[in-house]
Amino acid sequence: MDDVTAQHLDRAAAIASDHAAVLRSATTVETAARPGSAHRAASLGLTVSRVHEPSGMFDRRYVPSLSVVLRGRKHSVIGDDDQVWGREHFVITPVDLPVVAGVVDTAGAAGFVSAVWRLDPAVVGEVAATMHSPAPPLRGELPRLGTWTAPLADAFVRLLALLDAPEDVPVLFPLVSREIVLRLLQSSQAPRITAALDDAGTSVVAGATALLTMRMDEQWSMPRLARELLVSESTLFARFKEATGMSPAQYLKRTRLGEARRRMVVHGETAAGAAAAVGFRSASHFSRDYREAYGRPPAADAVVAREQLGLAAAV
């Protein structure tokens with residue numbers, strides 16, 4: 001990372017630390033750094049948080065967003081992509097994605113600091129349509145982690161700076177938002193972003209993820225999914241893979257496992273009941289996939305995860 005980019009990210013970390021909500025176990029809010037910070041961040045599409053202890057790995061749904069680590073390191077599993085990363089990188093999720101993630105390094109007493117900025121698909125489509133040069137084509141497998149550039153880091157720190165200047169938000173926020181999207185579309189992650197768009201400004205990929213999420217208990221195949229979306233199987237598969245890094249089948253399995261785990265941990269459902277509710281037809285298949293994803297059998301993992309979340313007494 002060059003010195004200019006590092007300086008921008010240092011400033012971003014300082015601003016984010018001032019406004020971050022402090023989380024317990026990377027899940028439960030304990031305190032807000034400043035009065036009104038959460039409201040200001042929400043108005044900018046931001047979630048800014050700080051964690052003082054490493055956490056377990058928990059399932060999350062990432063909406064279309066730019067995810068940034070400004071201090072410390074986190075472990076993220078998205079499909080088959082399993083990486084530990086920090087402030088040298090960022091992650092783009094152009095559509096809703098099931099992610100397993102946890103904090104692995106809190107950078108000492110300073111604490112792990114992260115920010116997630118929600119991407120507006122309408123703004124992404126608008127900026128993409130007005131660019132003189134199209135986004136670079138996808139060449140081979142696209143890395144999940146993006147690498148900062150100085151212009152992108154500069155735009156992002158100016159977005160965070162609006163937390164200290166709410167009176168400037170009406171004028172500057174639309175401009176900064178579009179600049180960040182532009183810089184992202186000029187980055188190596190551009191093919192992942194544009195894969196989630198189509199010529200009509202809507203998204204075949206977003207439609208597919210919505211169907212697989214809302215109706216996960218149904219039995220899906222590529223032909224059926226393509227028919228529902230009125231698109232060819234080859235187009236659906238290519239766009240889906242580019243945008244999410246997963247095939248539709250992998251996405252469905254990851255979504256089902258995450259929801260089954262949530263049901264067991266939060267609601268105390270049995271492994272068999274949770275598996276059936278999300279669409280698994282075979283208990284042995286569910287147990288095998290679950291162990292492969294989380295490293296433990298379903299029931300044992302649910303006990304550990306419940307303890308980590310402090311929910312044992314509530315179930």
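Numbering of residues begins at 1 and proceeds along the displayed sequence.
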NZ/NE/NH1/NH2 to OD/OE distance under 4.0 Å, [X] and [Y]:
X: Arg288; Y: Glu292; value: no
X: Arg291; Y: Asp301; value: no
X: Asp154; Y: Arg11; value: no
X: Arg239; Y: Glu242; value: no

Flag, side chain of [X] to backbone of [Y], donor-acceptor distance under 3.5 Å:
X: Arg224; Y: Met222; answer: no
X: Arg60; Y: Ala101; answer: yes
X: Arg256; Y: Met216; answer: yes
X: His89; Y: Gly146; answer: yes
X: Arg144; Y: Val77; answer: no
X: Ser284; Y: Ser282; answer: no
X: Glu53; Y: Thr106; answer: no
X: Arg73; Y: Val104; answer: no
X: Trp220; Y: Arg215; answer: yes
X: Ser55; Y: Val103; answer: yes

Could you give me the CA-CA distance, side-chain angles and deciding distance for Thr213 and Arg61, then say whether side-chain hydrogen bond (donor to acceptor under 3.5 Å, both in side chains) is met? CA-CA 10 Å; Thr213 300; Arg61 295 290 305 186; 3.0 Å; yes
Would you say [X] and [Y] make side-chain contact, with heavy atoms under 4.5 Å?
X: Asp164; Y: His19; answer: yes
X: Leu257; Y: Val100; answer: no
X: Leu9; Y: Leu70; answer: yes

Hydrophobic cluster identity match, Leu175 and Leu66, side-chain contacts under 4.5 Å: yes
Taking atom OG of Ser43 and atom CG of Leu163, what is their separation to the nearest 0.5 Å? 7.5 Å
